[in-house]
Amino acid sequence: MSPVPRTKPYDGPPLFSYGFRPFFLGASLFAGLAVALWLPAYFGELTLPTAYPPLDWHIHEMIYGYGAAAVAGFTLTAIPNWTGRLPLQGGRLIALTALWIAGRLAMAFSAPIGAIPAAAVDLAFLALLIVFVARELGHGGQSHNRKVAVALAVLWLGDLVFHVEAIARGYADYGVRVGLAALLLLITLIGGRIIPSFTRNWLARMNPGPLPAPADRWDVAAIVLTALALAAWVAAPGAALTGWALVAAGLAQAARLARWRGWRAWRDRLVLVLHVAYLFVPVGFALTALSAFGLAPESAGVHAWAIGAIGGMTIAVMSRAALGHTGRALIASPAAQAVYALVFIAAIARIYAALAPEHGFAALHFAAFAWIAAFFGFSIAYWRVFTGLRREANRT
């Protein structure tokens, strides 16, 4: 039998030849721009034409703007590999990208156009993405991958709750936690596949010896504990029972990460960055548990998850997938390594800002500048990767 072709004949702009290209590039550009706008807006130095308070706009756009775009780029790239079906490209990919951009503009200009119309435009992107993902997984017989579609549905539900809360009472609460929980579940599910797999492949070639533990009941238990702890945190973040659930999930995730033996692959920076990013998952659980017990501000754990885990994991996956799917060597350039370092510096600085409020102003600005430099730097370093031809095409 002939293998299923990975792409259809396509002679349009390379940017729209595969899902990872516009969404990874758009996500990285937007991540830098949104924080560059939010910081002066938060301190009253800039007025954004949004119907939402600057902090709520920032939170929404990081979760449902940047996060949703990064997830879209990953799923649109992974699904053809999972199903053997042809990828989304050309006009339909342009339309989906345009809908995501429209959502960002609608949120930014929600004051003049109205919060309800802005919410409708914003919600349409994830809804359409879920329809596409569910259809592709259904046709491909990928019942074991439908958990990804479920996590996307939870992310859309969180977006809906965010808008309902913000419109009804002027601020969002549950919608923020649901969105973060959905992204963390995706990291737990996808990270549990790719991190030990990439680590095992590198170790088998370059450093023979103990390999990452295969997936077993321990991984299932860790995922279940994580889901239960996050559900408790969404419902009652300050309850003592939630604190103990967060402790259990954090310990399970730390043990899971240790079983992947990342320290043995430290020389491959594309592998190492995945382990470092995932480390912020149990760190976030630990800090959020302290918050539930009244021993630390909630923002410390939230930003360990949001910047360290979500920001670190997404930029690690974006850089690796972009290289691999454009025929380039899987090697982290010095620029990419600098970007990784800046993201983790931003995470540590933002956690410090929460834990040491007397230094909060300086630490917050330092974290923001590191984040902006990381994502604008990534956009510049990978511009030709996202917008150029595959290396095989360049050689013909």
Side-chain angles (χ1 to χ4, degrees), residues 27-28 30-36 38-39 42 55 58-59 61-63 65-67 70-71 176-177 179-181 183-184 186-188 190-191 195 226 230 233 246 249-250 253-254 257 262 266 269-291 296-320 332 335-357 359-379:
S28 58
F30 181 70
L33 176 62
V35 173
W38 168 74
L39 192 63
Y42 181 70
L55 182 58
H58 164 69
I59 293 171
E61 292 304 274
M62 289 296 97
I63 297 174
Y66 168 74
V71 169
V176 174
R177 294 197 295 275
L180 278 173
L183 291 177
L184 286 168
L186 280 168
I187 286 175
T188 297
I190 303 302
I195 298 175
T226 296
L230 288 173
W233 177 66
L246 292 167
Q253 288 291 356
L257 177 61
W266 67 270
R269 300 299 192 263
L270 286 177
V271 172
L272 178 64
V273 66
L274 293 168
H275 289 268
V276 176
Y278 202 91
L279 177 61
F280 280 91
V281 174
V283 168
F285 273 110
L287 290 171
T288 310
L290 290 176
S291 172
E298 187 180 41
S299 61
V302 165
H303 284 96
W305 282 335
I307 302 177
I310 297 172
M313 186 64 69
T314 50
I315 207 162
V317 170
M318 288 192 296
S319 58
R320 187 184 186 99
Q337 294 181 50
V339 164
Y340 302 154
L342 284 168
V343 171
F344 297 134
I345 288 170
I348 294 169
R350 188 60 185 87
I351 295 168
Y352 179 73
L355 296 176
H359 301 133
F361 182 85
L364 176 60
H365 279 76
F366 186 79
F369 293 151
W371 175 274
I372 294 166
F375 281 90
F376 280 157
F378 177 75
S379 304

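Counting heavy atoms from C-beta outward, L183 and V71 have side chains that approach closer than 4.5 Å. Residues L270 and S319 are in side-chain contact: their nearest non-hydrogen atoms beyond the backbone lie under 4.5 Å apart. Side-chain atoms of I187 and W305, non-hydrogen and from C-beta on, never get closer than 4.5 Å to each other. Taking the side chain as every heavy atom from C-beta outward, L39 and H58 never approach each other to under 4.5 Å. The shortest distance between side-chain heavy atoms of I315 and M318 falls below 4.5 Å.
Minimum heavy-atom separation, L230 to A181: CD1-O, 3.8 Å. Shown here for P297 and L355, the closest heavy-atom pair between the two residues is CD-CD2, 4.0 Å. A304 approaches I351 most closely through the heavy-atom pair CB-CD1, 3.6 Å. Closest of all the heavy-atom pairs between A374 and L342 is CB-CB, 3.7 Å. Nearest heavy atoms, A316 versus L274: CB-CD2, 3.7 Å. Of all the heavy atoms in R269 and A332, the pair that sits closest is CB-CB, 3.8 Å.
Legend: residues meeting ring pair (Phe, Tyr, Trp, His ring centres under 6.0 Å) with F366, ordered by chain and number and at least two apart, are absent. For S299, there are no side-chain hydrogen bond (donor to acceptor under 3.5 Å, both in side chains) partners, not counting sequence neighbours. Contacts of Y340 classified as ring pair (Phe, Tyr, Trp, His ring centres under 6.0 Å), with partners at least two apart in sequence or in another chain: none. Residues that satisfy the side-chain hydrogen bond (donor to acceptor under 3.5 Å, both in side chains) test with R320, not counting sequence neighbours, are absent from this structure. With sequence neighbours left out, the side-chain hydrogen bond (donor to acceptor under 3.5 Å, both in side chains) criterion links T314 to Y66.
In this structure, the separation between CD1 on I63 and CZ on R177 is 11.0 Å, given to the nearest 0.5 Å. Residue H365 holds its NE2 atom at 11.5 Å from CZ of R350, rounded to the nearest 0.5 Å. For the atom pair CD1 of I372 and CG of L33, the computed distance is 9.0 Å after rounding to the nearest 0.5 Å.
Between W38 and W371, the ring centre distance reaches or exceeds 6.0 Å.
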Checklist entry - Between V35 and F375, is a side chain to side chain contact (heavy atoms under 4.5 Å, CB included) present by the stated rule, with each step listed? => result CA-CA 10 Å; V35 173; F375 281 90; over 6 Å; no

Checklist entry - So L184 and T226, side chain to side chain contact (heavy atoms under 4.5 Å, CB included) or not? Walk me through it. => result CA-CA 9 Å; L184 286 168; T226 296; 5.8 Å; no

Side-chain donor-acceptor pairs under 3.5 Å in residues 275-289, sequence neighbours left out?
| from | atom 1 | to | atom 2 | distance (Å) |
| --- | --- | --- | --- | --- |
| H275 | NE2 | T199 | OG1 | 2.7 |
| Y278 | OH | Q253 | OE1 | 2.6 |
| Y278 | OH | R256 | NH1 | 2.8 |
| T288 | OG1 | G284 | O | 2.6 |

